[in-house]
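Scroll down for the structure; my scribbles are underneath it.
Owing to the predicted nature of the structure, the values given are computational and were not obtained by experimental measurement.
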2 protein chains.
Amino acid sequence: MINYTNILREHNLKATPQRLAIADELYKKGHISIESLYELMVNKFSSISLATIYKNINLMLENSFIQEIKIPYSKSVYELTQAPHSHLACEKCFAVEDITIDLNSIIDIITKESSFKITSTNLVLSGICENCQLG
Amino acid sequence: MINYTNILREHNLKATPQRLAIADELYKKGHISIESLYELMVNKFSSISLATIYKNINLMLENSFIQEIKIPYSKSVYELTQAPHSHLACEKCFAVEDITIDLNSIIDIITKESSFKITSTNLVLSGICENCQLG
DNA sequence: TTATTAAAGGATAAATATTATTTTTTATAT
DNA sequence: ATATAAAAAATAATATTTATCCTTTAATAA
């Protein structure tokens, strides 16, 4: 179990128990939606407010402690900030997996062909995950 | 000016004046958010209801007449359904451009390396558009 | 054409989702 | 240990999206 106290502080976020719990859930689950996170947090802090979830998610986003991943035909999920990577989104069970894909060649081509200056990439590949292919 | 009557009907959508106007705006603007679309439509149909916008957008999505594009740190925009393609999103002026990128090699690699069955791709490249680089 | 009918639009209420406000509590630096 | 700025809790307020109900209309066929 990782202690996120210092990592939170490095992102200018006070290390409150609620935030440590959010970080811990994000670490354990990998990707969580707002509503799932709220349900998980209520188990740990019975009196936690939904507003606290939103305020923390927004602050964590602003301070780049977490990232939002927008999924087609589904709700956004959030993850701890890591090295840039892409995502696999299962259309059946809505699970989200990380995947590292080298997009540099694509960026190079676009940079040469157009005048658009790319600063970040967001790639979500939708389909059916291994588990759902079996069932 | 394209007449979308038949195209709407092919998607099992009645060709009402409101829908023809929505199609026309999507064609002209390329990508529009819900609120922008509502503003544009009020100019043409002063008594149009916001619910009509939502109902039509949802129906058009269900019938694949349009697509939703989820943009990082911004609101979704909608476009007429075309051949699959990717998007360039300007972080400054929030304009969205279409761009055709061949992602087949990437899909092939993932298909070989993992058990995930990819059915569609969603790539949004964020950055600064040509216009905003000048200003 | 006109009549019929299922569907769409308008108005508005209701439900969800998100943000703001106020007071109480707490993490952190001194 | 104390002071203080920030966070949490408890709402209230907004914003966004969907549902409802009644009226109007597009599509179909006689």
| message | To the nearest 0.5 Å, what is the distance between CG on B/Leu37 and CD1 on B/Ile48? | response | 8.0 Å
| query | 5' to 3' on DNA chain D, which nucleotides open and close the contacts with chain B (atom under 4.0 Å from a heavy atom)? | reply | D/dT16 to D/dA27
| Close residues, residues 22-40 of chain B, relative to DNA chain D [heavy-atom separation under 4.0 Å] | none
| note | Ordered by number, residues from residues 65-74 of chain A within less than 4.0 Å of DNA chain D (heavy atoms) are none
| task | Scan side-chain atoms only and decide if B/Gln67 and B/His31 contain a donor-acceptor pair under the 3.5 Å cut-off. | result | no
Among residues at least two apart in sequence or on other chains, which ones pass side chain to side chain contact (heavy atoms under 4.5 Å, CB included) with [X]?
X: B/Glu35; answer: B/Ser33, B/Lys75
X: A/Ile99; answer: A/Ser86, A/Leu88, A/Ile101, B/Ile110
X: B/Leu61; answer: B/Ile57, B/Asn58, B/Ile66, B/Glu68, B/Tyr78

| With A/Glu62 via salt bridge (Lys or Arg N to Asp or Glu O under 4.0 Å) - residues at least two apart | none
Where do [X] and [Y] come nearest, in terms of heavy atoms and distance?
X: B/Ala23; Y: B/Leu80; value: O-CD1, 3.9 Å
X: A/Val124; Y: A/Ala89; value: CG1-CB, 3.9 Å
X: A/Lys70; Y: B/Ser74; value: NZ-O, 2.6 Å
X: A/Ser115; Y: B/Gln133; value: O-NE2, 2.6 Å

| task | Sequence neighbours left out, what passes side chain to side chain donor-acceptor pair (under 3.5 Å) with A/Thr111? Give chain and number order. | result | none
| Under 4.0 Å protein heavy-atom contact, by nucleotide of nucleotides 3-13 of chain C - B base, S sugar-phosphate only | ---BSSBBBB-
| message | It should be established whether A/Asn58 places a side-chain nitrogen or oxygen under 4.0 Å from OP1 or OP2 of nucleotide C/dT18. | response | no
| field | B/Tyr27 atom OH, over 12 foreign heavy atoms within 6.0 Å | value | no
| message | Suppose the criterion is salt bridge (charged side-chain N to carboxylate O under 4.0 Å, His left out): which pairs have a residue in residues 80-108 of chain A, not counting sequence neighbours? | response | none
| field | Single-linkage hydrophobic cluster, 4.5 Å side-chain cutoff, A/Phe45 and A/Tyr54 together | value | yes
| task | Please round to 10 degrees the angle between the axis of the first five pairs and the axis of the last five pairs in the helix from C/dT1-D/dA30 to C/dT30-D/dA1. | result | 50°
Show me the donor-acceptor pairs, under 3.5 Å and distance only, between side chains in residues 6-17 of chain A and residues at least two apart or in other chains.
residue : atom : partner : partner atom : Å
A/His11 : ND1  : A/Ile7  : O            : 2.8
A/Thr16 : OG1  : A/Arg19 : N            : 3.2

